[in-house]
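Notes for the one structure printed next.
Residue numbers count from 1 along this sequence. These numbers come from a predicted model, not from an experiment.
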Amino acid sequence: MNGPFQAAHELTATKLPVEFEVLAPPPLLLPGERLDHYHALRAAIFADLAPRSAVEWLLAIDVVELSWEIQRYRVLRHRLLTTYRQKAIEAALRHIDMAGIAPEFEDEAEYYTRQNALSWRLDPVATTEIEARLASYGFDQHSINTDVYVQAREVFVLFEGLLNAAQARRLLLIREIRRHRSPD
């Protein structure tokens, strides 16, 4: 089933036959996802699996959907880690900036700490300055990464479960296509 990858112009010839279009509903894309990327993935998988029957087309369509889900989960997991990275930066800044703050100024200091963490994410100059300041207090990239994974552990485990389940289902479908083609 695995062969040399075909160029994009060759993949466009591998389309779902008209008589099987009813088997593949339009993809449900999330904001930011691109239909042309979905179609490129679908064409590549169809070319690789080369379905020969209605059953194989159904299985190939499911492989496409699962492959798209896997890509989606990876992107969402990365976005999750980015969000938690901002929270880890905020926690490190809080550790530095909130030390010794009088209780009557804590709310205001907390506000500015959140603003600085947001600036870290959005402003490259602020990012450089904040990371240098954090490093001077012993917060290197490894310690920030550790905090990111500690904060995100439960949701990260959820995404790992989703990824593993989709990958296992995809492998089962590919095996089923092979079994369908094997002479009994």
4.5 Å side-chain heavy-atom contact, I89 and L93:
yes

Can a donor-acceptor pair be found between the side chains of Q151 and D147 at a distance below 3.5 Å?
yes

What pair of heavy atoms forms the shortest contact from R181 to A50, and how long is it?
NH2-O, 2.6 Å

Nearest 0.5 angstrom please: R94 CZ to I96 CD1, how far?
12.0 Å

Is R77 close to F156 at the side-chain level, that is, under 4.5 Å between some pair of heavy atoms?
yes

Ignoring hydrogens and angles, state whether a donor on the side chain of N116 or S119 is under 3.5 Å from an acceptor on the partner side chain.
no

Is there a side-chain contact between D140 and S143 (heavy atoms, below 4.5 Å)?
yes

Pair R85-Q141, side-chain donor/acceptor within less than 3.5 Å:
yes

So which atom in R170 and which in L66 form the shortest heavy-atom distance, rounded to 0.1 Å?
N-CD1, 3.6 Å

Measure the acute angle between the ring planes of F159 and Y73, then classify it against the limits of 30° and 60° as parallel, tilted or perpendicular.
perpendicular

Donor-acceptor check, side chain of E176 to backbone of L172, threshold 3.5 angstrom: yes or no?
no

If I compare all heavy atoms of A109 with all of M98, which pair ends up nearest, and what's the gap?
CB-SD, 3.4 Å

Is it true that W120 and E131 share a donor-acceptor pair across their side chains at a distance under 3.5 Å?
yes

Taking only residues two or more places apart in sequence or in another chain, which ones pass ring pair (Phe, Tyr, Trp, His ring centres under 6.0 Å) with H95?
F139

Does E154, at its CD atom, have more than 12 non-hydrogen atoms belonging to other residues, nucleotides or ligands within less than 6.0 Å?
no

Identify whether the distance between the nearest side-chain nitrogen and carboxylate oxygen of R169 and E69 falls below 4.0 Å.
yes

What one should report as the nearest heavy-atom pair of A117 and E90 is CB-CB, 3.6 Å

V75 side chain near H78 side chain, heavy-atom distance below 4.5 Å
no

Atom pairs and distances, side-chain donor-acceptor, residues 22-44, under 3.5 Å, sequence neighbours left out:
{"from": "E33", "atom 1": "OE1", "to": "L30", "atom 2": "N", "distance (Å)": "2.7"}
{"from": "E33", "atom 1": "OE1", "to": "W68", "atom 2": "NE1", "distance (Å)": "3.4"}
{"from": "E33", "atom 1": "OE1", "to": "R72", "atom 2": "NH2", "distance (Å)": "2.7"}
{"from": "E33", "atom 1": "OE2", "to": "R72", "atom 2": "NE", "distance (Å)": "2.6"}
{"from": "E33", "atom 1": "OE2", "to": "R72", "atom 2": "NH2", "distance (Å)": "3.4"}
{"from": "R34", "atom 1": "NE", "to": "D36", "atom 2": "OD1", "distance (Å)": "3.0"}
{"from": "R34", "atom 1": "NH2", "to": "D36", "atom 2": "OD1", "distance (Å)": "3.3"}
{"from": "R34", "atom 1": "NH2", "to": "D36", "atom 2": "OD2", "distance (Å)": "2.6"}
{"from": "Y38", "atom 1": "OH", "to": "E65", "atom 2": "OE2", "distance (Å)": "2.3"}

Rounded at 0.5 Å granularity, tell me how far OH in Y84 sits from CD1 in I144.
16.0 Å

Does atom CD of E108 have more than 12 heavy-atom neighbours, drawn from other residues, nucleotides or ligands, at distances under 6.0 Å?
no

Pairwise side-chain contact, R153 with V150, heavy-atom cut-off 4.5 Å (strictly under):
yes

Same cluster for V64 and V55 if Ile/Leu/Val/Met/Phe/Trp/Tyr side chains link at under 4.5 Å?
yes

Rounded to the nearest 0.5 angstrom, the CD1-CG distance for I61 and L173 is 11.5 Å

At their closest point, which heavy atom of A60 faces which heavy atom of I45, and how far apart are they?
O-CG2, 4.4 Å

Y112 side, atom OH; D107 side, atom CG - distance, nearest 0.5 Å:
12.5 Å

Is the shortest distance from a Lys or Arg side-chain nitrogen in R133 or E129 to a carboxylate oxygen in the other one below 4.0 Å?
no

Quick check for you: to the nearest 0.5 Å, what is the distance between N164 atom CG and I70 atom CD1?
9.5 Å

With a 3.5 Å distance limit and no angle check, can you tell me whether R121 reaches the backbone of L118 through a side-chain donor-acceptor pair?
no

Separation between NE2 of H180 and CG of L58, rounded to the nearest 0.5 Å
10.0 Å

Can L171 be reached from L162 by stepping across I, L, V, M, F, W or Y side chains whose heavy atoms are under 4.5 Å apart?
no

State yes or no: do Y137 and I130 share one hydrophobic cluster built from I, L, V, M, F, W and Y residues joined by side-chain heavy-atom distances below 4.5 Å, directly or via other members?
yes

